Amino acid sequence: MALDLTRIARERGVDLRAWPPKYDAAYRPRPDEQFWLPEVERARPEEREELILGKLRAQVRWVWEKSPFYRCKWEEAGVSPDSLRTLRDLCRFPVVQKNELRAAQAAHPPFGDYLCIDPAEVARIHGTSGTTGRPTVFGIGRDDWGRIAEAHARILWGAGIRPRDRVMICSFFSLYMGSWGALIGVERLGATAFPFGAGVAGQTLMGVSWAHEMKPSAFYGTPSYALHFADTARREGIDPRSLGFRVMFFSGEPGAGIPSTKKQIEETFGAACIDMGSTAEMSPWITDGECLARGGMHLWQDVVYTEVCDPKTFQPLPYGAEGTPVYTHLERTSQPMIRFVAGDLTRWTDAPCACGRTYPRLPQGIYGRIDDMFIVRGENIYPSAIEDVLRAIDGFGGEFRVIISRREAMDDLLVRAEIATGCDALALEREMRERLQARLGVRPRLELVAQGTLPRTEFKAKRVIDDRDLYRQGISRELT
């Protein structure tokens with residue numbers, strides 16, 4: 001049974017028969033409605049897959065006709081739009097990785113030969129900072145920007161944001177896509193946007209003052225920054241709960257999907273902690289987005305189609321398996337991504353969600369990046385596992401660092417953790433060590449420092465220092 005697209009168009013202001021879909025910017029559900037597009041969000045998966053396949057075929061055909069990058073790549077792999085008969089055929093198409101995008105932009109500056117519109121039609125330019133390689137330029141067409149706003153509004157609606165809300169956006173307004181995506185989603189939804197930003201010296205203290213005065217009901221930023229925001233409020237004698245946040249949604253870090261961090265944020269602010277995000281190349285980047293049931297991020301498959309794949313073969317894995325998300329745009333005319341590998345690690349499920357949506361979910365969120373994983377004495381360790389352990393311990397002071405080094409050819413794992421004032425340091429050290437060893441499989445060294453010793457962040461936290469290369473370089477010099 002197919003979805004009644006004609007009725008949806010008439011009642012919901014969206015023509016899903018067209019490609020790209022046509023959205024009525026005046027449409028908005030009633031505030032008491034739970035769903036933005038209930039017929040699609042609650043559809044039986046096999047019904048929704050018909051809609052997805054139609055969009056996917058049109059998207060792939062657009063890319064084949066407009067992009068030398070994809071045509072060359074697909075011809076080498078022996079695939080074309082005619083190869084796409086079912087959704088299962090998508091895995092025959094080769095994946096795209098970030099290094100390929102950088103190389104394409106170096107050869108065809110500035111947007112690369114995967115820009116599928118005329119450069120004069122680019123309405124927004126965003127990008128990466130390039131701190132780990134050549135910056136990646138995002139050229140976004142005006143119509144795509146409107147569709148990104150539409151998708152974000154719909155997903156934020158699922159997270160409980162309503163037109164009556166005042167949303168404080170505490171993230172950098174720069175090349176970074178996150179803050180801008182949150183802003184346009186809030187505006188399209190009809191809520192009041194409060195784009196406060198972050199990153200300027202003293203801005204957090206000012207932000208606490210503004211929040212205390214303006215009483216925003218929702219907050220966007222990174223989990224680390226939210227906890228820093230709370231610490232700043234307490235130093236000013238302000239209870240973070242008194243700020244009035246009802247919903248707090250996050251991206252940029254795994255924190256909002258880490259159980260102990262989620263619990264700490266919710267207890268600190270008295271608000272629902274909502275995990276969101278995927279990667280900037282895939283804007284709308286919050287198509288991995290939790291609902292108010294907070295059972296893990298839904299994959300909003302009719303906007304961006306996601307496969308969870310084996311990290312080596314990039315073949316789709318069954319539900320319940322752990323792998324890396326591979327994303328495909330379904331509504332993008334400018335710089336579409338077809339089977340883009342983000343390099344994250346997650347586990348997916350098709351188990352029902354309490355909200356009634358029938359999308360697959362990531363019940364533990366994105367809990368790490370494959371390149372963030374480090375191996376110590378044969379054990380695979382993710383920083384998110386260390387954070388989950390520490391934040392669940394009473395007396396933990398709020399911040400930590402992980403230093404990996406090598407001593408006498410043996411890996412050494414040091415966890416430097418803050419402790420709250422007045423705690424029994426010996427008892428706390430024993431508890432931390434035992435819990436970390438049970439979770440990680442290796443016995444760490446611990447160094448406890450006073451609360452407030454370690455620096456806080458206003459963006460994505462960098463908590464791991466791996467110094468083993470210094471040891472290897474020293475040995476190499478001794479042998480030469």
Side-chain angles (χ1 to χ4, degrees), residues 132 222-224 227 250 252-264 275 277 279 296-297 308-312 317 320-325 341-348 362-393 395-419 428-449 454-455 457 460-473:
T132 58
T222 63
S224 295
L227 294 173
F250 301 99
E253 297 174 346
I258 297 172
S260 58
T261 304
K262 181 185 283 284
K263 179 181 178 184
Q264 183 176 358
D275 193 14
T279 180
M297 293 193 286
V308 173
C309 296
D310 181 285
K312 294 180 180 178
L317 295 169
E322 179 183 82
T324 187
V341 179
D344 295 321
L345 194 72
T346 191
R347 189 182 304 276
W348 68 341
L362 310 180
Q364 298 165 274
I366 299 290
Y367 46 79
R369 288 188 55 79
I370 292 172
D371 52 9
D372 280 348
M373 184 193 77
F374 53 89
I375 301 174
V376 174
R377 301 171 215 159
E379 297 290 343
N380 296 345
I381 298 174
Y382 288 91
S384 58
I386 296 174
E387 179 174 351
D388 192 26
V389 169
L390 293 178
R391 293 203 188 280
I393 297 174
F396 172 58
E399 194 52 84
F400 70 97
R401 292 295 181 272
V402 179
I403 298 95
I404 314 149
S405 56
R406 184 158 291 180
R407 303 167 67 185
E408 299 177 357
M410 179 68 72
D411 288 341
D412 180 69
L413 176 63
L414 170 67
V415 177
R416 183 174 293 143
E418 292 184 347
I419 62 171
L428 193 58
E429 182 178 0
R430 187 184 314 114
E431 181 181 5
M432 285 182 175
R433 182 177 288 109
E434 289 175 355
R435 291 201 192 185
L436 285 169
Q437 183 173 359
R439 179 73 174 269
L440 306 178
V442 298
R443 185 177 179 84
R445 288 194 302 122
L446 275 173
E447 180 182 312
L448 303 187
V449 297
L454 300 175
T457 179
K460 301 180 183 182
K462 302 287 187 182
R463 295 189 170 107
V464 179
I465 302 167
D466 191 339
D467 284 338
R468 286 177 289 188
D469 279 344
L470 298 178
Y471 174 86
R472 297 186 189 102
Q473 292 166 12

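These numbers were taken from a predicted model, which means no experiment stands behind them.
The side chain to side chain donor-acceptor pair (under 3.5 Å) test applied to Thr324 returns no partner, not counting sequence neighbours. Residues passing the side chain to side chain contact (heavy atoms under 4.5 Å, CB included) test with Leu317, sequence neighbours excluded: Asp310, Ala321. Evaluation of the salt bridge (Lys or Arg N to Asp or Glu O under 4.0 Å) rule for Asp344 yields Arg369 as partners, not counting sequence neighbours.
When all heavy atoms of Thr279 and Ala342 are compared, the closest pair comes out as CG2-CB, 4.1 Å. Taking all atoms of both residues into account, the shortest heavy-atom contact from Pro444 to Val415 is CB-CG2, 4.2 Å. The shortest heavy-atom contact between Ala392 and Ser260 is N-CB, 3.7 Å. In terms of heavy-atom proximity, Leu362 sits nearest to Trp348 at CD2-CB, 3.7 Å. The two residues Asp275 and Met297 come nearest to each other via the heavy atoms O-CG, 3.3 Å. Minimum interatomic distance between Phe396 and Ala417 (heavy atoms only, all atoms of both residues): CE1-CB, 4.2 Å.
Looking at Arg391, its side chain does come within 3.5 Å of a backbone N or O of Gly398 through a donor-acceptor pair. No side-chain donor-acceptor contact under 3.5 Å links Glu431 to the backbone of Ile393. With hydrogens and angles disregarded, no donor-acceptor distance shorter than 3.5 Å links the side chain of Arg401 to the backbone of Arg463. Panel note: side chain Glu387, backbone Gly255; no donor-acceptor pair is recorded below 3.5 Å. Counting only distance, with no hydrogens or angles, the side chain of Thr261 and the backbone of Ala256 share no donor-acceptor pair below 3.5 Å.
A distance of 10.5 Å separates CD in Glu418 from CG in Leu448, rounded to the nearest 0.5 Å. One distance of note links CG of Asp388 with CD1 of Ile258; it measures 6.0 Å at 0.5 Å rounding. Atom CG of Leu390 and atom CG of Leu428 lie 9.0 Å apart (nearest 0.5 Å). To the nearest 0.5 angstrom, Leu345 atom CG is 9.5 Å from Gln364 atom CD. Atoms CG and CD, on Leu414 and Glu447 in that order, are 5.5 Å from each other to the nearest 0.5 Å. For the atom pair CG of Leu436 and CG of Leu413, the computed distance is 8.0 Å after rounding to the nearest 0.5 Å.
Arg416 pairs in a side-chain contact (heavy atoms from CB on, under 4.5 Å) with only one of the listed residues (Ile465, Leu446, Val402, Leu454), which is Leu454.
Taking 4.0 Å as the cut-off between side-chain N and carboxylate O, Arg433 and Glu429 count as a salt-bridged pair.
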